[in-house]
Amino acid sequence: MRRLRVRSLIRILLLALVLGGVVALARITFNTERVTTMWVGARIAADGSARITEVIDYDFGYPHTERHGIYRDLPDLPFDEDEAHIAVSMDGHRVPWELTVGDYYTEPDGHREIATRIKIGDPGRAVTGVHRYRVQYTLQDVVKKGRLAWDAVGTAGRSTGPASRSTPWRRTA
């Protein structure tokens, strides 16, 4: 009788360990970083420019990641802050940002260009969980010959560098 209880207890403990391992593995595997929602709009001006507003809900996934925010690579964004008129918030509050050089992207005609990158977030503060970013900027000459010539979300694949991308960044220095 005593042996039966010990065996039952060992089986219960082993089952609990296996289930705990499965839960931990699932949490690591399925709790990945991702854009959960993205909304993009534009207000077209008479001079052919557009004031772009993006709302990005980003889930940083696993709580022990060292992320400080996201970055946006935007091919047609001017590198001049005065011309780009950038405004950024995270969860309704102003957040630090900077313009840097982004990745290469390929134009529809095959020409390679370098995108302007808006790096969003505080390098001194890590973020986890889900956060809403609101990014506004101005693009010049989006109306050509009376038609809107603007790709709001991009169509290129990750390997060639998308037309616009939201990606987390971590502090390296």
Side-chain angles (χ1 to χ4, degrees), residues 19-45 49-79 81 84-108 112-140 142 148-173:
L19 286 175
V22 168
V23 168
L25 184 62
R27 183 173 178 193
I28 290 169
T29 303
F30 298 112
N31 193 10
T32 59
E33 297 177 30
R34 65 193 173 278
V35 174
T36 58
T37 307
M38 183 173 186
W39 175 90
V40 182
R43 190 181 75 234
I44 309 300
S49 67
R51 181 70 175 160
I52 310 299
T53 300
E54 300 181 354
V55 177
I56 304 162
D57 291 339
Y58 198 91
D59 184 350
F60 287 92
Y62 193 68
H64 301 295
T65 58
E66 284 294 318
R67 302 292 191 227
H68 298 275
I70 63 171
Y71 65 83
R72 296 286 293 127
D73 282 354
L74 301 158
D76 298 322
L77 184 69
F79 199 74
E81 290 181 20
H85 304 288
I86 298 169
V88 180
S89 67
M90 181 181 83
D91 301 327
H93 303 284
R94 291 175 62 180
V95 64
W97 60 270
E98 67 176 311
L99 281 182
T100 64
V101 175
D103 285 341
Y104 280 97
Y105 68 96
T106 304
E107 291 280 357
R112 285 179 52 123
E113 294 285 336
I114 295 177
T116 300
R117 176 173 290 171
I118 305 174
K119 193 173 178 182
I120 304 163
D122 185 345
R125 182 176 158 240
V127 291
T128 60
V130 179
H131 294 279
R132 174 164 284 179
Y133 292 88
R134 184 171 191 234
V135 184
Q136 293 182 297
Y137 51 90
T138 300
L139 296 177
Q140 303 300 321
V142 297
L148 183 62
W150 172 58
D151 185 356
V153 293
T155 58
R158 189 164 178 82
S159 61
T160 60
S164 64
R165 175 169 62 189
S166 298
T167 307
W169 66 274
R170 71 177 66 189
R171 187 173 181 180
T172 57

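The basis for the numbers below is simple: all heavy atoms, side chains too, and nothing from hydrogens, waters or symmetry mates. Note that the structure is predicted; figures quoted are calculated from it, not measured.
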Among Ile70, Val130, Ile120, Val127, find the one that has a side-chain contact (heavy atoms from CB on, under 4.5 Å) with Tyr58. Ile70

For Val95 against Gly121, the heavy-atom pair lying closest together: CG2-CA, 3.8 Å

Flag if over 12 foreign heavy atoms under 6.0 Å of CZ, Arg51: yes

Taking every non-hydrogen atom, the tightest pair across His131 and Asp91: ND1-OD2, 2.5 Å

Out of curiosity, Tyr71 OH to Arg117 CZ, how far, rounded to the nearest 0.5 Å? 4.0 Å

Side-chain contact test, heavy atoms from C-beta onward, threshold under 4.5 Å: evaluate it for Trp97 versus Met90 and give yes or no. no

Checking Ala149 now: which residues fulfil side chain to side chain contact (heavy atoms under 4.5 Å, CB included) with it, not counting sequence neighbours? Lys144

My understanding is that only residues two or more places apart in sequence, or in another chain, count here; which of them pass side-chain hydrogen bond (donor to acceptor under 3.5 Å, both in side chains) with Arg43? none

Rounded to the nearest 0.5 Å, what separates atom NE2 in His93 from atom CZ in Arg134? 14.0 Å

May I have the step-by-step check of side-chain hydrogen bond (donor to acceptor under 3.5 Å, both in side chains) for Tyr133 and Glu54, ending in yes or no? CA-CA 8 Å; Tyr133 292 88; Glu54 300 181 354; over 6 Å; no

Separation of Gln136 CD from Ile86 CD1 (nearest 0.5 Å): 11.0 Å

Sidechain-backbone polar pair: His68 side chain, Arg125 backbone, donor-acceptor under 3.5 Å: yes

Is there a side-chain contact between Thr53 and Trp39, using heavy atoms and a 4.5 Å cut-off? yes

Minimum-distance pair of heavy atoms, taken over all atoms of Phe79 and Leu99: O-CD1, 3.2 Å

Between the side chain of Thr36 and the main-chain N/O of Asp57, is any donor-acceptor distance below 3.5 Å? yes

Reported CG-to-OG1 distance for the pair Asp73 and Thr116, which is rounded to 0.5 angstrom: 8.5 Å

State which residues pass side chain to side chain contact (heavy atoms under 4.5 Å, CB included) with Ile44; sequence neighbours excluded, sorted by chain then number. Ala42, Ala50, Val142, Val143, Leu148

Quick one: does Leu77's side chain get under 4.5 Å of Arg72's, heavy atoms only? no

